[in-house]
Amino acid sequence: MEEKSVEYQQRLTKLEDLRKAGVNPYPNDFKPSAECAQVLKDFGELTKEDLEAKNISLSIAGRIMAIRDFGKASFIQVKDRTGRLQAYIKKEIVGEEAYSLFKAMDMGDIIGLEGALFRTRTNELTVEAKRLRLLAKGLHPLPEKWHGLTDIEARYRQRYLDLMVNPEVKDVFLKRTAIVKYLRDFLCSRDFIEVETPMLQPIAGGAAAKPFKTFHNALGMELCLRIAPELYLKRLVVGGLERVFEINRNFRNEGISTQHNPEFTMLEFYQSYATYEDLMDLTEEMISSLVQEVHGAKKIDYQGTALDFTPPWQRITVKEAVLKYSKAPEEIFTDRDKALKFSKELGLNIPEGLSHGKIITEIFEAAAEHRFIQPTFVTQYPVDVSPLSRKNEKDPSLVDRFELLVMGREIANAFSELNDPVDQKERFLSQLKEKAAGDVEAHEMDEDFVKALEYGMPPTAGEGIGIDRLVMILTNSPSIRDVILFPQLKR
RNA sequence: GAGCCGCUAGCUCAGGUGGUAGAGCAUCUGCCUUUUAAGCAGGUGGCCCCGGGUUCGAGUCCCGGGCGGCUCACCA
């Protein structure tokens, strides 16, 4: 359909005319000597007279974002990856032939030009072109210059257009890159080493989620896209890589929302001879310094809410949180029936065979989780929702685990790792029972992982940080789709 | 999976109670050698998301479908 548009047909004709005239509309031998932002920075202070005296010659390349045509002379805006610079094309200077070539150029074309800097009457730093070349013809008209591209579906499906015309979108993704780099550097500076572990796994372990399934033809076996790298990273810890991390994609075959994309990016790291408490300290330092670095302050605005990442952050147990934010009697923590009864008072629809710990977790999520707007570590989760975590020394119904909540959302999840192979095997077995009882997200048995633990894993703490959600908060983005270049869409 | 909202020119958007489909930008033609969303004059451009129905007549009303957004449920 769109190929029939008048603009497209006109540009196709221009393309053919250029080829007939012996001009290659897609050459690749132009090397710009300068970039827009650097030119503005280096020469932005020079006066009209300075520029005339120095006669600074340079060449730039980029996309034509605006054309203001005066007949025998034109102003254009050229945009490269660094910014925009104005250029002036004058028939008298470039010559008859080049000017008619220029007249055939359109908004959105990629061009290269060279000339000297000067200042216009309105004092704008401008390149006065002596020569110009078409570097790539664009066949589609650009979105509107003032409103840009606002249709949200078009922005996701044609992200290149979104990036081209909406500068704040590019800023978000540059920031995302900066955030990932900062985290990577932070961990490397503490002697963590970055690794890559399988995306295709015979058993999708390390989290409670539905996997995507696929099939390897040559091996004749079913494989899953990973839902977490956890079990492989811990195998590496067994192997003696005492500090490891991975920043990579996880895949979960579940719903899509402003907080969920089927593939999302997770930072997972493991540190031997550390506890979950050590990781709270590390996380506080890593993320608060990240916020400072990326944002220039530890206080930020997120969708109208002031967030303060200045350490220390609140630390509270699941039990304390439930008691604080609901009218739950304390006995719910020791008596499953009382917990079940209270969950019904909250209007929760709890399936029959649900374990005590899961009921407590449900109550916590319904009554308290959303209350934690400022960065908060919630600790001491029930053992039956944490099949890979180390049990608490004093209370074996709990595990040494925390979740970091910001805006009531889980940003990170960490625990002291379970390294007792016998206990781990029992936990897997009890997960199998839950699976048999109908819990589709219960953890699979992974004998090979248990075997690795049987060789001895040093006491270790590990953590996962949801990068997309962290980026959302640091870029003030309301939807996860705003921080993923190509979010999942239908068809 | 459920509820609510949206889909009209390349882009951004108007189109009370049904009556030949509009504007701005972009584009084309003409004028213009210092503009800043340049200006002036004149043009081109539409399966109004798709399919049924009601009606003399549907962009508009009804039914079904598609895609998208938000909220909810599951999840990080």
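Protein chains get the first letters and strands the later ones, always in sequence-line order, with residue 1 at the start of each.
- Rounding to the nearest 0.5 Å gives a distance of 9.0 Å between NZ of A:K103 and CD1 of A:I67.
- The base of B:U34 lies outside donor-acceptor range of the side chain of A:R121, with no N or O pair under 3.5 Å.
- Within the nucleic acid shown, A:N261 comes within 4.0 Å of at least one base atom, counting heavy atoms only.
- Using a 4.0 Å heavy-atom criterion, one finds that A:S74 contacts no nucleic acid atom at all.
- If you check every strand for non-hydrogen atoms under 4.0 Å, A:K145 touches sugar and phosphate atoms only.
- Counting any heavy atom pair closer than 4.0 Å across all strands shown, A:Y88 reaches a base atom.
- At whole-Å resolution of the value, CE in A:M65 and P in B:A26 are 13 Å apart.
- Remark: ring of A:F70 not stacked against base of B:U33; the cut-offs of centroid gap under 5.5 Å and plane tilt under 30° are not jointly satisfied.
- Nucleic acid contact class of A:R155 (heavy atoms, under 4.0 Å, all strands): none.
- The base of B:U35 sits with one of its N or O atoms less than 3.5 Å from a complementary donor or acceptor on the side chain of A:T120.
- At a cut-off of 3.5 angstrom, the base of B:U34 holds no donor-acceptor pair with the side chain of A:E124.
- Taking atom CH2 on A:W146 and atom P on B:A23, their separation rounds to 22 Å, with Å as the unit.
- Taking atom CD of residue A:Q77 and atom P of nucleotide B:U35, one finds them 15 Å apart after rounding to whole Å.
- Across all strands shown, A:G148 has heavy atoms under 4.0 Å from sugar-phosphate atoms exclusively, and none from any base.
- A donor-acceptor contact closer than 3.5 angstrom links the side chains of A:T283 and A:E463.
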